[in-house]
Amino acid sequence: MAWGQGLRRLFDGLKIKAARKNCEWRNTNVTRKALITGITGQDGSYLAEHLLSLGYEVHGLVRRVGMEDPERRFGRITHLLDRVQLHPASIESYPSIFHILSQHEFDECYHLASQSFVAESFQDGFSTLNVNINGTHYMLAALKELRPQCRFYFAGSSEMFGRVREVPQRETTPFYPRSPYGVSKVAGFELTRNYREAYDMFCVNGLLFNHEGPRRGYEFVTRKITSTAAQIKQGLASELRLGNLEARRDWGHAADYVRAMHLMLQQPQPDDYVIATGETHSVKEFCERAFALLDLDYRDFVKVDERFYRPAEVDLLVGDASKARRVLGWEPKR
Ligand code: G4F
């Protein structure tokens, strides 16, 4: 009994010391260095802006082809190019990641790069699994070798909940992925958790629900709807062909969600968090609202096209972000 109590006190003392050490480290005025994989994407560009506004030195990992064609491939970060440092590397190549990590002492790493289009993952599941799973594993393995103190964020996804086991979905909801993309994200999630537990690294998973904005790629449904509706209004298109109009999503704004990523890496302990608005709407409702804003009736223009249906659909997503609100103090602002 006395032993047990003594040991518990000793462990509590150590935990408190470790937490204090973390806090002290978080509060220093030294410029922190962050590495973002996927910096040229929607989330990467908003995150880079956010970290720069907080005084970070921001680095991005980009594919060499991007360096060769900056006008087309760096469109979302053109305004940041003189403030970020870009490094050519591929998340499919362990040596190239190892090389970049051996050159810089990053404090935080945000691993956002992936094949992120769910429909495409049905077309080419092999490359989706390869890029998304191995890419995450290479990042984690290289960090373990070279920078085990670097804090690591993995971009998990609500697609992992798939055929949902409970409504709303929270951190404890079991996964049931419905696409190769969803499967790859479950694997990335588990790898991240495993590195946290096996090697005591500060690795966190963000379980982010759909997040959109003007920088969203045109293949995703929100941007496809808004851009085509605008073209129809201008007389440049006559119809909008979509797949399943009944699917429901919890849509937030990407700029809000990158703030949550950063907050997750500032905590005393690594953990996993759902980030969502708690509201769900169907694709049909989205169409109705988007067209109405242009004084148009979506029913006159939207055509259902079987080609845009998926072999297995995620029918309903709605997240419960109460843990993030409570622990991170995170709120969606937009
Ligand atoms: O906009 P979506 O392609 O996004 P999806 O599949 O929900 O995935 C996005 O959010 C995930 C988070 O949950 C991310 F992890 C992922 O990387 C990505 O950012 O499709 C939304 C819904 C689907 O149910 C789809 O079947 O819209 C439906 N939909 C109907 N017609 C369509 C279309 N989706 C697309 N892309 N194109 C259509 O024509």
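The basis for the numbers below is simple: all heavy atoms, side chains too, and nothing from hydrogens, waters or symmetry mates. We count ligands from 1, going down the list as the structure has it; atoms in each ligand are counted the same way.
Counting only distance, with no hydrogens or angles, the side chain of Arg178 and the backbone of Glu313 share a donor-acceptor pair below 3.5 Å. Under a 3.5 Å cut-off, the side chain of His104 and the backbone N or O of Phe106 do not form any donor-acceptor pair.
The side chain to side chain donor-acceptor pair (under 3.5 Å) search around Thr40 returns none, not counting sequence neighbours. Scored by the ring pair (Phe, Tyr, Trp, His ring centres under 6.0 Å) test, Phe117 finds Phe220 as partners (sequence neighbours excluded). The ring pair (Phe, Tyr, Trp, His ring centres under 6.0 Å) test applied to Phe291 returns Phe301, not counting sequence neighbours.
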Working note: His59 + Glu57, criterion side chain to side chain donor-acceptor pair (under 3.5 Å); need CA distance, chi angles, decisive distance, verdict. CA-CA 7 Å; His59 297 243; Glu57 183 178 308; 2.8 Å; yes

Note down each nitrogen or oxygen pair, ligand 1 side and protein side, whose separation is under 3.5 Å; give only atom names and the distance to 0.1 Å.
| from | atom 1 | to | atom 2 | distance (Å) |
| --- | --- | --- | --- | --- |
| ligand 1 | 1 (O) | Val221 | N | 2.9 |
| ligand 1 | 3 (O) | Arg310 | NH2 | 2.9 |
| ligand 1 | 6 (O) | Arg310 | NH1 | 2.6 |
| ligand 1 | 7 (O) | Asn210 | ND2 | 2.8 |
| ligand 1 | 7 (O) | Arg249 | NE | 2.8 |
| ligand 1 | 10 (O) | Asn210 | ND2 | 3.1 |
| ligand 1 | 13 (O) | Ser158 | OG | 2.4 |
| ligand 1 | 13 (O) | Asn210 | OD1 | 2.8 |
| ligand 1 | 17 (O) | Ser116 | O | 2.6 |
| ligand 1 | 17 (O) | Tyr181 | OH | 2.9 |
| ligand 1 | 19 (O) | Arg216 | NH1 | 3.3 |
| ligand 1 | 19 (O) | Arg216 | NH2 | 2.8 |
| ligand 1 | 24 (O) | Arg249 | NH2 | 3.0 |
| ligand 1 | 24 (O) | Glu313 | OE1 | 3.0 |
| ligand 1 | 24 (O) | Glu313 | OE2 | 3.0 |
| ligand 1 | 26 (O) | Glu313 | OE2 | 2.6 |
| ligand 1 | 31 (N) | Gly243 | N | 2.8 |
| ligand 1 | 36 (N) | Glu219 | O | 2.9 |
| ligand 1 | 39 (O) | Lys224 | NZ | 2.7 |

